[in-house]
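What follows is a short report on a single structure.
Positions are given from 1 along the sequence. The basis for the numbers below is simple: all heavy atoms, side chains too, and nothing from hydrogens, waters or symmetry mates.
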Amino acid sequence: MGRRSPVQQLRIAIDTGGTFTDCVWVDQGCVRMLKVFSTPLDPSHAIVEALEKIGLRRSLVLLHGTTVGTNTLLQRKGARVALVTTSGFEDAIEIGRQARPKLYDFFFDRVKPLVPAELRFGVEERTGRQGRILQAVAPAELQELVLRVREDHPEAVAISLLFSFANSDNERTVAAVLKKLQVPLSVSHQILPEFREYERTSTVVVNAYLQPVMQNYLENLAHRSRRWLQSNARLRSGHNNATVFVMQSSGGITALASATREPVRTLLSGPAGGVVGAAAVARRSGFERIISFDMGGTSTDVSLVDRETRTGSQSEVAGLPVGVPMLDIHTVGAGGGSIARFDTAGALRVGPESAGADPGPICYGCGTQPTVTDANLLLGRLQPHRFLGGEFALDLGRTLRMVSEWLRNQQSALKLEQFAAGVVRVVNATMEKAIRVVSIERGYDPREFVLVAFGGAGGLHACELAAALGIPRVIVPALPGALSAFGILVSDVVKDHSRTVLWRVSDKLPMTQLEKEFSALRKAAEKDFRSESWRGALQYQRTADIRYRGQGYELNVPFTRNLMDAFHREHHRRYGYSHPEREVELVTLRLRTTMRSPQANLASSNAGRSALAFTLRAGSGLLRRQED
């Protein structure tokens, strides 16, 4: 895979988290790990610091899991975006869906759209639901549109016309004219050729909102890495190039150019690496049904893997719908840096606010508010002089003094140990609820799965969670604090393509039409791989979104000639009933194309230290090292 011989290159996977930046690479057959503190204002500073510590002697490939897109969206620090849509649909992104987050609260604040009303532009055009052009865009209106958009000085433009997934001619025409503005364009038929106007438009707007920020960050990272390599005296032999690839939310890596063009696909970049890494480690130990439990410094990410990682096509990030494929990951604000407090009623609360990397927990030396990490230290669950392998000492004396003073200021009657134990119980309850969301609420019994615990704090809380949920076994990987980076290292190159068809099926599948549509998706995937100069064998996975006629939701089912039977079974498993006699609808066809990573053998064969995992049997107190 790739454009150069892997012998000449060092591949380093880097996962930028809220507290630490984790690096994983392979050196002489052994998996190595490095942690440095994150630099939230510019994550690339921490990455260059890590490269300094690693001490490179050859050309470099960076495989990067980043939180830049997520943080940009959460903090509303993206680009000034103009939206061009079909006339009469300018306010679709503000109207949204009828569903209300709080049914009986008349005073809740709705999430504001990323594009204000004055930056939404309607175009007189119409495409029918079957793909017939009912009204083309007039040339005079196009010229006027360019002038109107230019006057508002947008930094990016999102284009989402009605039914462009059925026929993109009008959308292509509009995009061709708006190229004159020389700003990034996000076009719906390229990013998400699927139905549901609100979700499609929201996804394209999010992409446009992130595009300038991600482009600047990723290109700056590549430039910094190359400049550092070129200035390094040990690397003046000519092999001083640095290439950057980015982890996607779907669980695969992509080229830098694709990530800058479609940054919406990187929103869950780091957590996706964790799921891939957890599945790889569990598979080495003989387990294929797992619940991944990633407890970091800021948040906890949980996901269920039933023999293979599965993606969902409808997610929500920062209250905004995102329709690109993402691994089914549920995130809660519970991490090692989560801040403890008492609410107005005197009840103990933990999170979602986090101390992050700056100032960090009290025991790191700068923080002033008690966190989960401080509670674990006070309870003796952390050893002060063995944190980060002994490279960083925790300040137990400062923690005892400041937490005691904080409790007095809160006028709490709790003793120090009682308070610390309460913090752990509260945060465990939050994480237990998250695991129930991805298991019980999806129709799975957690007692049939293995809990894979990782992240900097995962191993501290895993056994209590497993006991509460009846999970019989816990796996703690050998490098738990950097498993997300390990997952990025072993991830394949992935391209996802889809198209909405909305075909009704009563009895027999329209196999000829289906093969034609999948063939078109396959050609598009192969074209994308060629355009990025990837070389290697491609693997294809075909699935379909299906529903009973009249339903408003779909289930994604692997595509086979027994598709209908598989759909009825999956519907019964998920919801407890099925209607084999009812007419069904084929809604969206999906193709996932993958190319194996050069490091894929780390996840499937004997590779030294990467094979080690600790396995706990719930209730037995037995800890054993497993090397299978």
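For S531 (side chain) and D528 (main-chain N/O), a donor-acceptor pair under 3.5 Å exists by modelled atom type.
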For residues 130-141, tabulate all N or O donor-acceptor pairs below 3.5 Å that involve a side-chain atom, not counting sequence neighbours.
unit_1 : atom_1 : unit_2 : atom_2 : d
E141   : OE1    : E124   : N      : 3.4
E141   : OE2    : E124   : N      : 2.9

Listed pairs under 3.5 Å, donor-acceptor, residues 537-548 side chains, sequence neighbours left out:
unit_1 : atom_1 : unit_2 : atom_2 : d
Y540   : OH     : R522   : NE     : 3.4
Y540   : OH     : E526   : OE2    : 2.7
R542   : NH1    : E515   : OE1    : 3.0
T543   : OG1    : N556   : ND2    : 3.1
D545   : OD1    : N556   : ND2    : 2.8
D545   : OD1    : R590   : NE     : 3.3
D545   : OD2    : R590   : NE     : 3.0
D545   : OD2    : R590   : NH2    : 2.7
R547   : NE     : E585   : OE1    : 2.8
R547   : NH1    : Q551   : O      : 3.4
R547   : NH1    : E554   : OE2    : 3.1
R547   : NH2    : E585   : OE1    : 3.0
Y548   : OH     : H568   : ND1    : 2.8
Y548   : OH     : H579   : N      : 2.8

Between side-chain atoms of residues 498-506 and protein atoms elsewhere (two or more places apart, or another chain), which donor-acceptor pairs fall under 3.5 Å?
unit_1 : atom_1 : unit_2 : atom_2 : d
S498   : OG     : E194   : OE2    : 2.6
R499   : NH1    : E517   : OE1    : 3.3
R499   : NH1    : E517   : OE2    : 3.3
T500   : OG1    : F195   : N      : 3.0
T500   : OG1    : T588   : OG1    : 3.1
S506   : OG     : E583   : OE2    : 3.1

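In summary, the side chains of N207 and S186 do present a donor paired with an acceptor at a separation below 3.5 Å, with no hydrogens or angles considered. There is no side-chain donor-acceptor pair under 3.5 Å between S303 and D328. Side-chain N/O atoms of Q211 and T260 include no donor and acceptor closer than 3.5 Å. In the model, D42 has a side-chain atom that pairs as donor or acceptor with a side-chain atom of S44 under 3.5 Å. Using modelled atom types and a 3.5 Å distance limit, the side chains of H189 and N167 yield no donor-acceptor pair.
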From CA spacing to verdict: side-chain contact (heavy atoms from CB on, under 4.5 Å), T85, F121: CA-CA 6 Å; T85 187; F121 301 90; over 6 Å; no
Can E94 and K112 be said to form a salt bridge (Lys or Arg N to Asp or Glu O under 4.0 Å), step by step? CA-CA 7 Å; E94 186 158 358; K112 292 183 179 179; over 6 Å; no
Worked check of side-chain contact (heavy atoms from CB on, under 4.5 Å) between T300 and T331: CA-CA 6 Å; T300 291; T331 302; over 6 Å; no
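Here the closest non-hydrogen pair linking L327 and T309 is CD2-CB, 3.9 Å. Heavy-atom minimum distance, S491 versus S597: O-CB, 3.0 Å. Closest of all the heavy-atom pairs between V264 and I191 is CG1-CG2, 4.3 Å. Between L563 and P558 the shortest heavy-atom distance is CD1-O, 3.4 Å. Summarising the geometry of L218 relative to A259, their closest heavy-atom pair is CD1-CB, 3.8 Å, with the distance given to 0.1 Å. Across every non-hydrogen atom of R596 and D492, the tightest pair is CA-OD1, 3.4 Å.
V84 has its side chain within reach of L178: a pair of non-hydrogen atoms, C-beta onward, lies under 4.5 Å apart. Taking the side chain as every heavy atom from C-beta outward, S164 and R200 approach each other to under 4.5 Å. Here the side chains of L142 and V174 are in contact, with some heavy-atom distance below 4.5 Å. You'll find the side chain of V213 stays beyond 4.5 Å of the side chain of K77, heavy atoms only. Counting heavy atoms from C-beta on, the side chains of D294 and S484 come closer than 4.5 Å. Between T66 and M214 there is a side-chain heavy-atom pair separated by less than 4.5 Å. Between I159 and E171 there is a side-chain heavy-atom pair separated by less than 4.5 Å. With contacts defined as side-chain heavy-atom distances shorter than 4.5 Å, the pair R561/L509 does not qualify.
For F165, the ring-ring contact (aromatic ring centres under 6.0 Å, His included) partners two or more places apart in sequence, or in a different chain, are F163. Partners of Y198 according to the side-chain contact (heavy atoms from CB on, under 4.5 Å) rule, which considers only residues two or more places apart in sequence or in another chain, are R97, P321. With sequence neighbours excluded, no residue forms a side-chain hydrogen bond (donor to acceptor under 3.5 Å, both in side chains) with T593.
Rounded to the nearest 0.5 angstrom, I488 CD1 and L62 CG are separated by 11.0 Å. Rounding to the nearest 0.5 Å places CD1 of I47 at 10.0 Å from CZ of R224. With rounding to the nearest 0.5 angstrom, the CZ atom of R442 is 8.0 Å from the NE2 atom of H330.
Atom CZ of R574 has more than 12 heavy atoms from other residues, nucleotides or ligands within 6.0 Å. Within a 6.0 Å radius of CD in E118, more than 12 heavy atoms belonging to other residues, nucleotides or ligands are found.
In summary, D496 and R265 do not engage in a salt bridge, as defined by a charged side-chain N under 4.0 Å from a carboxylate O.
Note: H571 and Y575 have tilted aromatic rings, judged against thresholds of 30 and 60 degrees for the angle between ring planes.
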